Amino acid sequence: MKNIQEVSRVTIRFAGDSGDGIQLTGNQFTRTTAIALNDLSTLPDYPAEIRAPAGTLYGVSGFQIQFSSQNIHTPGDEVDVLVAMNPAALQSGLKSLKKNGIIIINGDAFTERNLRMANFSENPLENGFLAGYQVYPVDITRLSRDALEKIELTHKEKDRCKNFFALGMVYWLYNRSMDATVEWIERKFSRQPIWAEANVLALKAGRNYAEATELFATSYRVPEAKIEPGIYRQITGNEALTFGLIAAAAKARRNIFYGSYPITPASDVLQYMASYKHFGIKTLQAEDEIAAIGAAIGASFAGDIGVTATSGPGLALKSEFLGLAVMTELPLVVMDIQRSGPSTGMPTKTEQADLLQGLFGRSGEAPIPAIAASSPADCFYAAYEAVRVAIRFMVPVLVFSDAYLANGAEPWKIPDTEGLPEIEIEFAKAGEDYAPYLRDPQTLARRWALPGTPGLEHRLGGLEKQDVTGNVSYDPDNHEKMVRLRAEKVQRVGEFVEEPEIYGDSRGEVLVVSWGSTYGTVLTAVEQLRKEGKSASFYHLRWVNPLPKKLETYIRRFRRVIVPEVNLGQLRRIIRSTYLVDAVGFNRMKGQPISVSELKQAIEALLEEKNNGR
Amino acid sequence: MKNIQEVSRVTIRFAGDSGDGIQLTGNQFTRTTAIALNDLSTLPDYPAEIRAPAGTLYGVSGFQIQFSSQNIHTPGDEVDVLVAMNPAALQSGLKSLKKNGIIIINGDAFTERNLRMANFSENPLENGFLAGYQVYPVDITRLSRDALEKIELTHKEKDRCKNFFALGMVYWLYNRSMDATVEWIERKFSRQPIWAEANVLALKAGRNYAEATELFATSYRVPEAKIEPGIYRQITGNEALTFGLIAAAAKARRNIFYGSYPITPASDVLQYMASYKHFGIKTLQAEDEIAAIGAAIGASFAGDIGVTATSGPGLALKSEFLGLAVMTELPLVVMDIQRSGPSTGMPTKTEQADLLQGLFGRSGEAPIPAIAASSPADCFYAAYEAVRVAIRFMVPVLVFSDAYLANGAEPWKIPDTEGLPEIEIEFAKAGEDYAPYLRDPQTLARRWALPGTPGLEHRLGGLEKQDVTGNVSYDPDNHEKMVRLRAEKVQRVGEFVEEPEIYGDSRGEVLVVSWGSTYGTVLTAVEQLRKEGKSASFYHLRWVNPLPKKLETYIRRFRRVIVPEVNLGQLRRIIRSTYLVDAVGFNRMKGQPISVSELKQAIEALLEEKNNGR
Amino acid sequence: MADNIPVTTKSPKEDFASDQDVRWCPGCGDYAILAQMKKVLPEIGVPREKVVFISGIGCASRFPYYINSYGFHTIHGRAPAVATGIKLANPELSVWIITGDGDSLSIGGNHLIHLCRRNLDVNVILFNNQIYGLTKGQYSPTSPLGKVTKTTPYGSIDRPFNPISLVLSAGATFVARTIDRDTKHMAEIFKRAAAHKGCSFVEVYQNCNIFNDGAYRLLTEPETKFDQVLYLEDGKPLIYGKEKNRGLRFNGFETEALEMNESAENKDLPVHRENSENEAYAQWLSRIGDVPGLPVPVGVFRAVQRPTYEQLSEQQLAGAIQKKGPGDLKQLFISGDTWKVE
Amino acid sequence: MADNIPVTTKSPKEDFASDQDVRWCPGCGDYAILAQMKKVLPEIGVPREKVVFISGIGCASRFPYYINSYGFHTIHGRAPAVATGIKLANPELSVWIITGDGDSLSIGGNHLIHLCRRNLDVNVILFNNQIYGLTKGQYSPTSPLGKVTKTTPYGSIDRPFNPISLVLSAGATFVARTIDRDTKHMAEIFKRAAAHKGCSFVEVYQNCNIFNDGAYRLLTEPETKFDQVLYLEDGKPLIYGKEKNRGLRFNGFETEALEMNESAENKDLPVHRENSENEAYAQWLSRIGDVPGLPVPVGVFRAVQRPTYEQLSEQQLAGAIQKKGPGDLKQLFISGDTWKVE
Ligand SMILES: Cc1ncc(C[n+]2csc(CCOP(=O)(O)OP(=O)(O)O)c2C)c(N)n1
Ligand SMILES: Cc1ncc(C[n+]2csc(CCOP(=O)(O)OP(=O)(O)O)c2C)c(N)n1
Ligand code: SF4
Ligand code: SF4
Ligand SMILES: [Mg+2]
Ligand SMILES: [Mg+2]
């Protein structure tokens, strides 16, 4: 007697205390959704505190997932279903809940104390506050305890299973199989069978409860999406960076030296890298960000692929060494997982405001090529390509990611390792007549000569180098030449890497230009507008330095250009200065990704200008 | 029987080994010239090494002075008279010598060894190499020894006087009185009368030699310039910065806390500041640049005026703390005496390539107002104004200078201390209801509350601040608001400070826009062009952030805009992006100031475009 | 001799609790330290408005928010720099630096040792939990060799610093250690640190129950602590054990551990001298805790008097004024060679 | 016991002189150090291509340009960081860090102590001239109190570091001092440093004749040096004086200076042990030179064996491969939860 409705796109947000197992719940739902062949996108949202006190607003842990029978690119602006394990989760989740959206509530958690901590003066379940939503208060705590009656665990322990009860209900609501989660639980707790049993029981109890009580009048089905065949896995941005580096090292047949200093949200990468020592990866948790990049540069000098990663404040500390890397023309990869600034800012929140720091935050003329990842999985390709370019051009390369990509996950089609582009290194050879600053005429790269090789002894350093010989030189003309050579070399990277393609028509009314993690949002907005017949196209940068040649061509073919960014207009500044086009910005600085609907409005406003006589 | 010719403008270059007393000679000539009421501009040019071996090319120490009966603004592109105390000085000085220019040579120094070290395969005095110049080889060493025959000094000691012999000759050549120098020598060596006597003897001997031997067929006179009445002194850029800070502190009736770490070419400032403790100046030679700015921020928190200075690589290290200063909105002055980069670069040479680092080299959106000094003496006013703005707006302020200004000197008309603008501080008062981030509606400045004041206890930090209260806040809307407030505050500085005036007509063909130490060169070029009837005007920025409102007005009124810089186009980038004007650059990266004649050519090329149909 | 403890004017009932929610994990050792600090502050005789807490970044470094005084939560590792500026700007302030083992010994190691050598009159309280708490569990420069953490899945290969030894060699004039769980001792040490004129360094063994729980269990559990902890007392022998029946002495520079049947108090053992002229003594003490089988000393390792940095700085200022007169702007401008144009 | 000195295969007549002009001031102590290094290098049995010199910024730091080997003139204070990367990337290289007192103890202090604690097998040669040479004469962290320099016109108020003490407390496993003017001794110490497996730290007292001439005059002039310098020799008593008639011993931790009428060589004096287990002994030695009236020890203060960082790092790599097999990219990609879309 199930009333099943088909929908094409749903956003669910699980929220509760950080002790409530929200992330785990979200991940299980994600996996099941992926296996059910929906396209999906997720956004975890941790509290800033390590262990925030239970019940507080700032302690709410959230996990949002959008899934669909169509391709989707964001975790969703508006939430269809909010699972609120306590009042604080409800309070903070309501903002983004759709009108008439579903709220599943753990009624047991609505105690006076919790209500107070969540800034509710009265119980919102009782005073009509939630009118306009479909509210389902369930005594989840009590019901899961009941379900585990026979299990020999304390009350407190049993309460740790209640997230599975909630998950069971949601599975019912979306007609999901529980198999994958049951299998996962059994694997995960294979050594603690009592926990395996308890969690599975809670899961099933939740589903049964929904079914038996006919809790929801309707359940939903999201049909399968068209998904490219292949083997998939969930991958976060930080995992993908790690994999990208490892893959590049394997292809280049060199070791990676990864020097880093922990900083949110980049620390994971060091943690992951440290666990892959069997790939020949050397990790150094340095005493600070300066030492981390210094060691990476040293390692590159000695023949490893030197890599370091950090976030904004750490990138600031690396500036001086980045200048040395520019001068010594060694391959190096520096990854900036941006977070909300300035200064310590909001360290767990996302932002894109390090672009200009990355491009210009060094003394003197010290240009560096920079690539930006556009999605969690794309971090893999960005890191891989960064290594390729660093080696091919003998330059430091910047990789931009951000907190949103770092922690967010998406399904990743596992690539064929053979299909990855080759990375070849031609070291200078023993006995050859080595001139450290002699350049490849095409790439302008100098050659890498490894300490240990007889006859190639040479000395690098931060003083200006004489062209070809690399000796110290104060010659005015030489300096001018070298400054321009270094700049030209970075430009040449543009000839080596592939330029992105435009999405949509290649001429028209409004061109949206963006970079980095806004990709999914912008794509969604433009997709929707185009479906509505609007003349909007989208060009997403991959390398933010150098800019692709095509960009200018496209810019000239549109009446208006808009640059959405999670900053005050950093790429926009570059585009304006480079192409002298009156690009407008769409800028939001809220520590969050920008929203599709707001962006759509901004683009629509530009589209309508014409009618208003611009 | 003196044949005196009147000229309006002369450039002399003294050059020799760093042991030859070149700087001293130059300074004496400068003083004498100033007293003779010529306008003048000087450029010392030290070797990079502490004590470069005698005779080497890289060990040449030079001092260039241009003086004139008109106003002049640069030490001159082309040299009229080269005084070469050895072959290396000749070799390196020839490049900039005018056709048919005068060369006074110490023939004694043209030994085989010295010739070899100077890369002469033959003696240029003998092989016609110097044809096309007026060459005066004089055995300066021997002649001065002869002059000091009676003095009880060793040969080696006597040789230290030979620079005065050379100076004596030049004094004759330009009809200068020796009084000021004689008086200076006697004062300087009042405790070592033998040295006083020796130097005076050498000086007079040089002059007498020129006179007696009728060495030069002609001597020259440069008539008095129209110079504003007042008391003058020579001042270098670094001295002027020091004076500016001290003056501002005196006016504000607060102590200066000056934290710094030695780095060329900023070290002088720390050295000067340390000698002015009786002005209530506290100096800290910190363990590094990071600690230096950190201590300055701490001092500002506690009520001193925190100041730090450095050069490019040091500014990179200060980036992270600059972000904290932006977030905590404390008054702070950070001076960047730019040098040639990237990395260690050419540390004794000048450059303007830290502009973008200064404006953007921090994580997150962290705008900072920035002022640039335009001449050595102007450093005084730049530093003074920086303190005023820092206090008035509760912001860190950047002051740009560079090696050229730092070491260069010019006559400075000593200002009336009463005439300096007032600097008032209104601290929060004990007992008031203090909200750390409540703002003045006009300046948007928050109020300064000093530790030690009862009732104003509050806590600052780098985490995002809640508007008004200053509590830590992760609220998305608050963050957006604060980011924009901080940006707006910097813009408001533009309403407080005076905007520079345009030089020349306020509409026309070519507008030259520049910043910093290129001032004198650009002014000279535009002056000359205008004399030739060309339509060129000049707008020199004082604050490079925020930009003056007038700039846009002017930019729109000229057919072309050109931005000369000693970098690859950093201000140009900002101007292009802000005004969408196709500003072209004139960029030279030689570790030297740009030359008037080259710049003139570039402007002329723009002026001629029209005829060529653009 | 120990420093005098001039607990003079108690600030009458001042409350140092701030209005901010304390956001440490439940059970964190930081709470105990905060509680003792709030207890001690009213007793040191400095009014609230003259107290400044300065910190870097880390769990520990959130401390200033929780004390109702002036405070500055700066950036990672750099609190000593900021504190130096504050103290030089206003030597009358009572300045406290709160830092973690990562903050002060990893990224901030240099500032810490320079602070010590300059002997600025500030108090450094280092919360040593042998882990990076705030960034969720990476090893720190005090984590023991072999420690498995998030960034050392195969165990740490970095030998740890001995913070006491390090600051001693850097010239700290007051060096002490205490334990979060021993609140009375902690309070005593904080008071001593506050009273000391010069740079006071206090290492607090602090439990991070989330990422490094039990790092100091042996030193805090009743079954083990008496044999594991040696309380240093000026002028008293180095004895420990529940029955005070264990003692230490040195033979040359080597350490001898003695065990007796009765209290060792009146035995002929060398006595602890906080102000021993030769630093090597405190250095010796500092290394004892590293030796398996020997107890960990807590208390004051060293306390000597040296002129403070801000005193010397103020003296130079005063001296310069005395010598040259208070700075006069007009005179400054016309100093050196000038000339007049009419 | 001292380290063995395995001077095995002498590189046959290798010339380590580079083709670059040496640009130090005439008379600078750096020349003597360069000369000894060029003399010693061919004797340590490492071919030129395996030698890497790494420096920061300063006069001393120009050193790598003057040695014909691989070299890296990095940035101010950061040579240890770069060296760490080089050595971890290729443990077979013989890595030398050349640094000045400002470079290593001011801006670079933190990297130095972390290098020591990690015990990377590199050799640090610190040219201590008690001044900033390259920037023309500002005081440094080793300048004595009261020193008048360009930035301390009223005299320095910063108490100097004792570099030996600092690196000892940081865990350096080989710590020595020598003097630019004593070239034979210097050569010996360089060889010992090269032979030591682990982080070797050598402080060289170096005269900057331009900005700090004569800082070590008492230790180098024939009239005074015998009474001012004590040569440490493993297993030998601490004696000095022209007649070897002066000696030192410790009483507890206090130092006693003895003067006798005859040679003190066979007197009952404690002998020097480089590998004394307790660090306090070397710490004691390190402070002797600070005491007026006592001689300055030169030679090897401490030499002990600890596993090196790169050994441990390599072991972990090898261990991981042994445990998990050499990394396989395909396996990596499909590790964790995967699903198939057909
Ligand atoms: C420049 C910079 N690098 C890194 C970080 C990230 N970070 C914050 S706190 C911390 C370490 C915290 O450890 P500790 O100092 O021991 O303090 P605890 O949290 O254990 O109290 C790190 C690495 C940062 N905030 N800034
Ligand atoms: C980041 C940075 N700050 C400052 C400097 C300027 N600087 C170069 S060398 C030096 C100190 C040199 O002293 P020391 O290390 O003792 O070497 P020495 O010249 O005496 O051999 C300084 C401050 C620099 N190059 N880089
Ligand atoms: S992570 Fe550890 S140190 Fe930080 S608050 Fe939690 S328990 Fe305390
Ligand atoms: S300044 Fe001093 S240390 Fe530097 S080269 Fe000259 S004498 Fe040597
Ligand atoms: Mg810690
Ligand atoms: Mg030095």
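Just so we're on the same page: letters track the sequence lines, and every chain starts at 1. For clarity, every value in this text was computed on a predicted model and none was experimentally measured.
With a 4.5 angstrom heavy-atom cutoff, A:S275 touches chain D only via backbone atoms. Neither the backbone nor the side chain of D:F53 comes within contact range of chain A, judged by heavy atoms closer than 4.5 Å. The part of D:Q20 that comes within reach of chain A is its side chain, from C-beta onward, which places non-hydrogen atoms under 4.5 angstrom from that chain. For D:R62, the part lying near chain A is the side chain, with the backbone staying farther off; criterion is any non-hydrogen pair under 4.5 Å. With a 4.5 angstrom heavy-atom cutoff, A:E183 does not touch chain D via any of its atoms. Heavy atoms closer than 4.5 Å to chain D are found in the side chain of A:L330, but not in its backbone. Heavy atoms of D:S335 lying under 4.5 Å from chain A belong to its backbone as well as its side chain. Heavy-atom distances place both the backbone and the side chain of A:A247 under 4.5 Å from chain D. Contacts of D:I113 with chain A are absent, with no heavy-atom separation under 4.5 Å from either backbone or side chain. Proximity to chain D is limited to the side chain of A:F380, based on heavy atoms less than 4.5 angstrom apart. For A:L450, the part sitting under 4.5 Å from any heavy atom of chain D is the backbone (N, CA, C, O) and nothing else. If you measure heavy-atom distances from A:E228 to chain D, the contacts under 4.5 Å come from the backbone alone. When heavy atoms are compared at a cutoff of 4.5 Å, A:L324 approaches chain D solely by way of its side chain, counted from C-beta outward.
Heavy atoms from other residues, nucleotides or ligands lying under 6.0 Å from NZ of A:K188 number 12 at most. For D:Q331, the CD atom sits in a loose shell: 12 or fewer heavy atoms of surrounding residues, nucleotides or ligands are nearer than 6.0 Å. No more than 12 heavy atoms of other residues, nucleotides or ligands lie within 6.0 Å of CD in D:E92, so this atom counts as exposed by the packing criterion. With a 6.0 Å radius and a threshold of 12 heavy atoms from other residues, nucleotides or ligands, A:D416 has its CG atom above the threshold.
Residues D:L88 and A:F257 come closest through the heavy atom pair CD1-CE1, 3.6 Å. Looking at every heavy atom in both residues, D:V341 comes nearest to A:I227 through CG1-O, 3.5 Å. Contact detail for D:L332 and A:R233: the closest heavy-atom pair is O-NH1, 3.6 Å. A:G452 and D:L93 make their closest contact through N-CD2, 4.0 Å (heavy atoms, listed as atom of the first residue, atom of the second, distance). Of all heavy-atom pairs between A:E320 and D:H76, the closest is OE2-N, 4.4 Å. For A:F279 against D:L329, the heavy-atom pair with the smallest separation is CE2-N, 3.8 Å.
D:Y70 has its side chain out of reach of A:R459: every pair of non-hydrogen atoms, C-beta onward, lies at least 4.5 Å apart. A 4.5 Å side-chain heavy-atom check between D:E49 and A:T453 finds every atom pair outside the cut-off. Put simply, the side chain of D:R78 does not reach to within 4.5 Å of the side chain of A:I297, judged on heavy atoms. The shortest distance between side-chain heavy atoms of D:T74 and A:F301 does not fall below 4.5 Å.
Contact count versus chain A (heavy atoms, under 4.5 Å) is highest, among D:S69, D:P80, D:P64, for D:S69. Between chain A and the options D:H111, D:E342, D:K340, the largest number of non-hydrogen pairs under 4.5 Å is found for D:H111. Heavy-atom pairs under 4.5 Å with chain D peak, among A:A34, A:A295, A:P451, A:A302, at A:P451. Chain A forms more heavy-atom pairs under 4.5 Å with one residue of D:I75, D:T84, D:T338 than with any other, namely D:I75. In terms of heavy-atom pairs under 4.5 Å with chain A, the best-connected choice from D:R118, D:K87, D:K323, D:E314 is D:R118.
With hydrogens and angles left out, the side-chain atoms of D:D337 and A:Q234 include no donor and acceptor closer than 3.5 Å.
The only option from A:I231, A:I235, A:I246, A:I414 that meets the side-chain contact (heavy atoms from CB on, under 4.5 Å) definition with D:F333 turns out to be A:I414.
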